[in-house]
Amino acid sequence: MSSSTAVRTARRRTVRVAAAALVAAAGLTLTACAGSDAADARSAGRTNTASAASESTASGWSGLQSTGAKADVLGKQSGGAHAAKAASPVRTQRLADGISKAEIYRLGDQHYRAKIVARGSVLATLETKGHDDGLDANDMFVTLTLDGQVHSWMGGGHQGPGPFKLAGGWTAKVTKAGELRYRAQIIGHDGVAATLETNQHDAGLDANGIYIVLSSGGVISAHA
């Protein structure tokens, strides 16, 4: 091989090596750029995700604070206050049998509860919620009125059905409406003034200062 040929061959090899080196360098540069872009994308993604999560959390917490959580807290506070108010009776009153007593609790406007207690045990509960309540406790009759007043008396019951004269000039027309269900029309000079009805639960009424109880067994009694 002549010296000129050898020189040309060496030059071609040098060019090829240089080209290969350039290609490799370009590849490394592209890879590095791609890795940097991916890292930037991942970083941006994490930033966006964190931002979105932060916004979501802030928005969700705000929503809970203004609706559910706040309402729940208020409900618990209200319930706690209500429970505390109802925890102790406003007064205790001895009943007509001389043994039992009524513990009267105020639950709200025209909303009272009376627990009938004897020897430490609660025997029955009366509650007003839009209407008076009453109880026949073994021939002791008890009424609880909308203003939280308790009245009790012994005896004087009439077994329905039938019309019966009551205290205060009232007449009660008692009819049977079903099992443990009786109805009593309370009739005055101007006709029917009120109606008592039992549905497996005794009923009571304050009729202008005359206290009336109708039991689920159809017994009616009144007391001034």
Side-chain angles (χ1 to χ4, degrees), residues 79-186 193-224:
H82 178 79
K85 185 187 294 185
S88 57
V90 294
R91 69 180 185 282
T92 300
Q93 180 177 327
R94 184 69 62 181
L95 299 180
D97 64 357
I99 299 172
S100 56
K101 61 183 180 180
E103 295 179 349
I104 300 110
Y105 301 79
R106 187 178 187 275
L107 306 181
D109 292 338
Q110 296 190 330
H111 189 184
Y112 287 84
R113 179 179 296 142
K115 294 180 181 180
I116 310 303
V117 180
R119 299 183 178 91
S121 298
V122 177
L123 306 180
T125 300
L126 296 172
E127 185 169 341
T128 66
K129 197 172 183 181
H131 57 78
D132 302 327
D133 201 4
L135 172 70
D136 176 3
N138 295 326
D139 209 35
M140 178 180 72
F141 298 92
V142 185
T143 60
L144 175 65
T145 63
L146 284 170
D147 58 355
Q149 300 301 310
V150 170
H151 300 268
S152 65
W153 65 96
M154 300 295 298
H158 304 279
Q159 176 65 60
F164 305 102
K165 292 291 185 181
L166 301 179
W170 296 104
T171 296
K173 183 180 179 182
V174 180
T175 56
K176 186 172 183 178
E179 187 66 25
L180 296 178
R181 186 173 179 182
Y182 282 81
R183 184 179 296 115
Q185 291 180 319
I186 308 303
T195 300
L196 285 172
E197 187 165 340
T198 68
N199 190 2
Q200 300 184 11
H201 185 281
D202 299 344
L205 175 67
D206 173 5
N208 294 333
I210 303 299
Y211 304 100
I212 304 171
V213 171
L214 175 65
S215 77
S216 58
V219 175
I220 192 165
S221 181
H223 192 266

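Only a predicted model underlies this, so the values are computations on that prediction, with no experimental measurement involved.
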Using a 4.5 Å cut-off on heavy atoms from C-beta on, say whether the side chain of [Y] contacts that of [X].
X	Y	result
His111	Glu127	yes
Asp206	Thr143	no
Arg119	Ile99	yes
Tyr105	Thr125	no
Ser152	Val142	yes
Phe141	Val219	yes
Thr128	Gln110	no
Ile212	Ile220	yes

Locate the shortest heavy-atom distance separating [X] from [Y]; write the atom from each residue and the value.
X	Y	answer
Ile116	Ala102	CD1-CB, 4.1 Å
Gln93	Val150	NE2-O, 2.9 Å
Trp153	Tyr211	CH2-O, 3.3 Å
Gln159	Phe164	O-CZ, 3.2 Å
Val213	Gly134	CG2-CA, 4.2 Å
Ser216	His201	CB-N, 4.0 Å

[atom1]/[X] to [atom2]/[Y] distance, rounded to the nearest 0.5 angstrom?
X	Y	atom1	atom2	answer
Asp139	Asp97	CG	CG	11.0 Å
Asp133	Leu146	CG	CG	10.0 Å
Leu205	Leu214	CG	CG	10.5 Å
Leu126	Asp202	CG	CG	8.5 Å
Leu123	Lys101	CG	NZ	11.5 Å
Thr145	His131	OG1	NE2	13.0 Å

Discussion item. Using only atom types and a distance under 3.5 Å, with no angle test, would you say the side chain of Thr198 pairs donor to acceptor with the backbone of Gly218?
Written reply: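 Not confirmed, Thr198 side chain does not pair with Gly218 backbone.
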
Backbone N or O of Ala118 within a donor-acceptor pair of the Ser100 side chain at under 3.5 Å?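 Answer holds: no.
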
Any chance you could lay out the salt bridge (Lys or Arg N to Asp or Glu O under 4.0 Å) test for Asp109 and Arg106, step after step, and finish with the verdict?
CA-CA 8 Å; Asp109 292 338; Arg106 187 178 187 275; 2.9 Å; yes

